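Let me begin by presenting the structure, written as structure tokens, before commenting on it.
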Amino acid sequence: MARDWRDLFIVDGAAPADVGAAPETEQRRGGMFRRLRENLRKTRQALSTEIQATLFEDLSDETWERLEEALIYADVGAGTTAQVVSKLEHEATSGEITGGEALTLRLTELLADIARTGDDRIDLHPKPTVILVAGVNGTGKTTTVGKLAWHLRKELGLSVVLGAGDTFRAAGVEQLELWAQRAGVAFVKGPPDSDPGAVAYDAIATGIRDRADVVIVDTAGRLHTQDDLMAELAKVRRVIAKQIPEAPHETLLTVDATTGQNGLRQARMFSEAVDVTGLVLTKLDGTAKGGIALAIAHELGIPVKLIGVGEQLEDLRPFDPAEFARALVT
Ligand SMILES: Nc1nc2c(ncn2[C@@H]2O[C@H](COP(=O)(O)OP(=O)(O)OP(=O)(O)O)[C@@H](O)[C@H]2O)c(=O)[nH]1
Ligand SMILES: [Mg+2]
């Protein structure tokens, strides 16, 4: 279960001492949790009002119906919600758990359990580890690439190369270059209108030559058609594999949390076209429907590895289901 950057990423030994190699202190974690909680305010306010009005009152059929409605409104998803609430109802009516506080705690646990799927860590042993970032336009790919590079360098002291694989839009290349500067990492782009596969190839060649730890490749979110987009992604992957057969080691899919169930449909489509190994749920700060972070892993069978909770460099966090459920509900 990923709690901080050192839990999310599997690395050898310690990072150089001068680049933040100290583990996250309790104090810092407390600060992070408060920030997460604050960023999830919209969802939490809506949910906690309903929890107060249900689990802390006399329990009846209406309790469970209202709780279900509140969770569905928070985008936990109908199927997932039904599963969680019926379990809680069962434990409450059998007398296993009594009292609003204990029921709320149990609800938090059940929600966290739902969100756990597969291996939610990222192995950085391959040198370089190649991470491909895909997703529909505007979901936060480029921003995520930038934030991730910054954290890899700052938290783990790793060297990173960014590849500007979104060659469809000139502005996309410039945007990534700016992130590379902010993060203080290497940047590889092609000539205007170049082939995204060629850019990915160059970025990896640079990573190998310079003995970089991680190469992150950004991709386009919009082409002429959806089929074009999937075909291009598949092609970029093939080109990457020509240099490193196991690569990309990680394919992260960004999903905009504010798009709710539509985001889930998009994610399903991508995961059918390419082998997605992890989800990045972005814009959780701007929605009252943050429950999707808990349901999406369950519904797709793909773990959420990272969450975006704002537009700043530091607003990317490893996803921790327990911490997240707690921040959402209490
Ligand atoms: N509030 C908030 N905004 C975010 C987050 N992640 C990304 N954004 C914003 O969402 C917008 C789109 O982000 P991009 O990173 O450009 O998205 P993209 O997927 O690369 O978009 P295309 O390249 O057009 O496909 C930008 O304005 C970002 O600042 C987040 O976690 N929270
Ligand atoms: Mg982009």
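Fair warning: this is a prediction, and the values are worked out from it, not measured in the lab.
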Specify the closest pair of heavy atoms between [X] and [Y], including all atoms of both residues, with the distance to one decimal.
X: Ser271; Y: Ile302; result: CB-CD1, 3.6 Å
X: Val239; Y: Gly197; result: CG1-O, 3.3 Å
X: Gly221; Y: Leu229; result: O-CD2, 3.5 Å
X: Pro321; Y: Ala112; result: CB-O, 3.6 Å
X: Leu40; Y: Ala327; result: CD1-CB, 3.8 Å
X: Gly290; Y: Leu284; result: CA-CD2, 3.6 Å

> Residues in side chain to side chain donor-acceptor pair (under 3.5 Å) with Thr167, at least two apart?
Replying inline: none
Same hydrophobic cluster for [X] and [Y], using side-chain heavy-atom links shorter than 4.5 Å among ILVMFWY?
X: Val255; Y: Val136; result: yes
X: Val199; Y: Phe168; result: no
X: Val217; Y: Trp150; result: no
X: Leu162; Y: Leu313; result: no
X: Trp179; Y: Val160; result: no

Can you confirm whether more than 12 heavy atoms, excluding those of [X], are under 6.0 Å from its [atom1] atom?
X: Glu38; atom1: CD; result: yes
X: Arg182; atom1: CZ; result: yes
X: Glu101; atom1: CD; result: no
X: His90; atom1: NE2; result: no

For the residue pair [X] and [Y], establish whether any side-chain heavy-atom pair is separated by less than 4.5 Å.
X: Ser159; Y: Val214; value: no
X: Leu111; Y: Val76; value: yes
X: Gln83; Y: Ile114; value: yes
X: Leu47; Y: Leu328; value: yes
X: Ile204; Y: Ile240; value: yes
X: Phe187; Y: Val173; value: yes
X: Leu306; Y: Arg317; value: no
X: Leu124; Y: Leu152; value: yes

For the backbone of [Y] and the side chain of [X], can you confirm whether one donor and one acceptor N or O come within less than 3.5 Å of each other?
X: Asp210; Y: Ala212; value: no
X: Thr63; Y: Glu57; value: no
X: Asp315; Y: Gln312; value: yes
X: Thr129; Y: Pro126; value: yes
X: Asp7; Y: Asp4; value: yes
X: Arg44; Y: Arg37; value: yes
X: Lys141; Y: Gly135; value: yes
X: Arg35; Y: Val309; value: no

How many angstroms lie between atom [atom1] of [X] and atom [atom2] of [Y], to the nearest 0.5 angstrom?
X: Thr259; Y: Gln266; atom1: OG1; atom2: CD; result: 5.0 Å
X: Glu62; Y: Leu67; atom1: CD; atom2: CG; result: 12.0 Å
X: Ile131; Y: Thr144; atom1: CD1; atom2: OG1; result: 11.5 Å
X: Ile216; Y: Leu252; atom1: CD1; atom2: CG; result: 8.5 Å
X: Ile51; Y: Leu71; atom1: CD1; atom2: CG; result: 6.5 Å
X: Asp285; Y: Asn39; atom1: CG; atom2: CG; result: 5.5 Å

Salt bridge [X]-[Y], side-chain N to carboxylate O under 4.0 Å:
X: Lys283; Y: Asp256; answer: yes
X: Arg106; Y: Glu109; answer: yes
X: Asp202; Y: Lys189; answer: no
X: Asp213; Y: Lys127; answer: yes

>> Does Arg121 qualify as a cation-pi partner of Phe9, given the criterion of NZ or CZ under 6.0 Å from the six-membered ring centre and within 45 degrees of its axis?
In response: no
> So is Lys289 actually on top of Tyr73's ring, under 6.0 Å and inside 45° of the axis?
Replying inline: yes
Will you find, in the side chains of [X] and [Y], an N or O donor that is under 3.5 Å from an N or O acceptor?
X: Thr225; Y: Asp227; result: no
X: Arg237; Y: Thr251; result: yes
X: Asp166; Y: Thr219; result: no
X: Glu250; Y: Thr277; result: yes
X: Thr254; Y: Thr139; result: yes

> What's the verdict on side-chain contact (heavy atoms from CB on, under 4.5 Å) for Val133 and Val280, showing C-alpha distance, side-chain angles and the deciding distance?
Replying inline: CA-CA 9 Å; Val133 178; Val280 183; over 6 Å; no
>> Between Val329 and Leu105, does the side-chain contact (heavy atoms from CB on, under 4.5 Å) criterion hold? Intermediate values first, please.
In response: CA-CA 9 Å; Val329 168; Leu105 194 68; over 6 Å; no
> Taking it one step at a time, do Thr143 and Glu311 satisfy side chain to side chain donor-acceptor pair (under 3.5 Å)?
Replying inline: CA-CA 8 Å; Thr143 307; Glu311 293 187 88; over 6 Å; no
>> Between Met230 and Phe270, is the side-chain contact (heavy atoms from CB on, under 4.5 Å) condition met? List the steps.
In response: CA-CA 7 Å; Met230 299 304 158; Phe270 269 88; 3.8 Å; yes
> Would Lys235 and Asp195 satisfy salt bridge (charged side-chain N to carboxylate O under 4.0 Å, His left out), going step by step from the backbone distance to the final call?
Replying inline: CA-CA 10 Å; Lys235 186 177 162 209; Asp195 174 62; 3.0 Å; yes
> Given the rule in the side-chain contact (heavy atoms from CB on, under 4.5 Å) test, do Lys305 and Phe319 qualify, once you have shown the distances and angles that lead to the verdict?
Replying inline: CA-CA 5 Å; Lys305 296 194 174 174; Phe319 179 64; 5.9 Å; no
